[in-house]
Amino acid sequence: MTAIRSKISGTGMYVPGRVVTNDELAQRMDTSDEWIRQRSGIAERRHVDGSETPVDLAEHASRRALEAADVGPDEIDAIVLATLSPQHEFPGTSFFLHHRLGVPEIPCFDLRAQCSGFLYSLAAADGFIRSGQMRRVLVVGCEVHSTGLEFTTRGRDTAVLFGDGAGAVVLEANDDPSDRAGLLALRMHAQGEHGKRLWLEAPGSSFYPSRITHEMLDAGLHFPRMEGRFVFKHAVTRMPEVLREALDAAGVKQDDVDHFLFHQANLRINEFVAHSLGIPPEKCPSNIERYGNCSAASIPMLLDEIVRAGRVERGQLLALTAFGSGFTWATAIVRW
Ligand code: COA
């Protein structure tokens with residue numbers, strides 16, 4: 001009997017229409033196009049304009065992925081949605097997507113592993129499929145950051161980096177021995193001791209007697225805070241580590257990988273990682289220049305872009321690597 005493997009059978013992405021340039025941000029805070037481009041590689045990002053919420057973004061991306069996989073919403077067995085910016089604190093975003101897609105009473109849940117959330121979600125979906133419990137899982141990464149950032153000089157270190165967007169894939173059982181496509185290996189890690197190095201403190205149920213107060217709002221605890229250099233140093237160490245680990249687990253050589261999809265947090269981080277491993281830049285597609293850091297959505301958005309551009313051929317190898325708050329980091333090795 002052939003073991004069941006999972007493969008990606010369709011991809012989709014969606015971003016809101018409103019383009020926010022670095023120059024526009026420079027009118028609202030003490031920053032400049034030059035500073036942002038030089039430190040992060042970002043030229044512009046997308047922000048919602050009040051007419052769309054996370055579930056709208058997630059729905060567009062999901063419908064595109066389902067269409068590409070030639071699968072109807074009634075044919076999926078679960079929805080796993082990664083986000084750090086849920087539609088509402090609970091139940092999150094996935095349940096509203098469940099309703100929008102009009103799926104039957106299949107399970108769904110939000111998964112919180114920040115910028116590594118898509119790869120963690122892929123691991124969960126892969127487990128459901130390989131156990132034989134499910135045939136098809138919709139895996140989504142969706143973020144609306146723009147309504148949670150501080151667009152003043154106090155918040156400039158994070159406000160300039162993040163953007164809004166959604167990406168989705170259909171992960172499907174592959175039990176055809178003649179089809180080599182599949183998720184070959186996925187490795188994940190976390191280091192909770194650094195949970196406060198990149199975080200959003202409030203509202204939080206650790207506060208007593210209220211999760212959020214006027215004082216907390218005045219202090220800006222509801223905006224993300226980050227120790228940028230500390231995050232940078234850990235990202236450029238952990239990403240190569242987990243990439244090597246996943247390549248070993250898949251029995252694949254680094255040189256055999258055709259496309260390295262790194263989380264789009266900062267172009268400098270990715271250039272540093274690629275350079276340290278001797279990976280040629282042409283194997284590292286990027287869209288951070290146009291979208292900024294879309295956290296859990298970044299990798300599926302980038303994947304969809306290169307697939308639709310015809311850059312990924314059957315049989316090629318992809319390595320997807322993320323690093324994010326938590327800290328969390330992960331790599332998936334995929335044969336297309
Ligand atoms: N515009 C202009 N100046 C800014 C700024 C902005 N948007 N944001 C911060 N600065 C200032 C700082 O206040 C600091 O000023 P000071 O020297 O007077 O104190 C100066 O620029 C340098 O700040 P620093 O944090 O040392 O810059 P850096 O070279 O480390 O670059 C990051 C900052 C955020 C781009 C970089 O640290 C980074 O990319 N870190 C990782 C971020 C990340 O990937 N996060 C998401 C992970 S999922």
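Start at 1 and go down the list; that is how both ligands and their atoms are numbered.
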Has [X] got a side-chain atom pairing as donor or acceptor with [Y]'s backbone, closer than 3.5 angstrom?
| X | Y | answer |
| --- | --- | --- |
| E143 | S85 | yes |
| N174 | R5 | no |
| K7 | L183 | no |

Write out the residue and atom name of the closest protein heavy atom to [atom], then the distance separating them to 0.1 Å.
| atom | value |
| --- | --- |
| atom 34 (C) of ligand 1 | M226 CE, 3.7 Å |
| atom 22 (C) of ligand 1 | R39 NH1, 3.8 Å |
| atom 26 (O) of ligand 1 | R229 NE, 2.8 Å |

Does the protein come close to [atom] - that is, does one of its heavy atoms sit below 4.0 Å from that atom?
| atom | value |
| --- | --- |
| atom 9 (C) of ligand 1 | yes |
| atom 28 (P) of ligand 1 | yes |
| atom 18 (O) of ligand 1 | no |
| atom 32 (C) of ligand 1 | no |
| atom 5 (C) of ligand 1 | yes |
| atom 45 (N) of ligand 1 | yes |

Please report the C-alpha distance between H47 and F151 in whole Å, then the side-chain angles of each, then the deciding distance to 0.1 Å, and finally whether the ring-ring contact (aromatic ring centres under 6.0 Å, His included) criterion is met. CA-CA 12 Å; H47 286 177; F151 293 102; 5.5 Å; yes
Nearest candidate to [atom], where distance is taken over non-hydrogen atoms, out of [options]:
| atom | options | result |
| --- | --- | --- |
| atom 36 (C) of ligand 1 | C115, S295, G228 | G228 |
| atom 7 (N) of ligand 1 | Q264, E227, R156, R197 | R156 |
| atom 39 (O) of ligand 1 | T158, L25, N266, D30 | N266 |

Backbone, side chain, both or neither: what part of [X] comes under 4.0 angstrom of ligand 1, heavy atoms only?
| X | value |
| --- | --- |
| R268 | neither |
| T31 | both |
| I36 | neither |
| S40 | neither |
| D157 | both |

Give yes if a backbone or side-chain nitrogen or oxygen of I269 is under 3.5 Å from a nitrogen or oxygen of ligand 1, and no if not. no
Evaluate H263 for polar contact with ligand 1, using N/O atom pairs at a separation under 3.5 Å.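 The answer is no, given that H263 and ligand 1 share no N or O pair closer than 3.5 Å.
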Mind checking whether M134 and V169 sit in one hydrophobic cluster, side chains of I, L, V, M, F, W, Y counted as touching below 4.5 Å? yes
Which one of S298, S286, S295 satisfies the side-chain hydrogen bond (donor to acceptor under 3.5 Å, both in side chains) criterion with Q264?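 Among S298, S286, S295, the one meeting side-chain hydrogen bond (donor to acceptor under 3.5 Å, both in side chains) with Q264 is S286.
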Using a 6.0 Å distance limit plus a 45 degree cone around the ring axis, check whether R45 lies over the aromatic ring of Y291. no
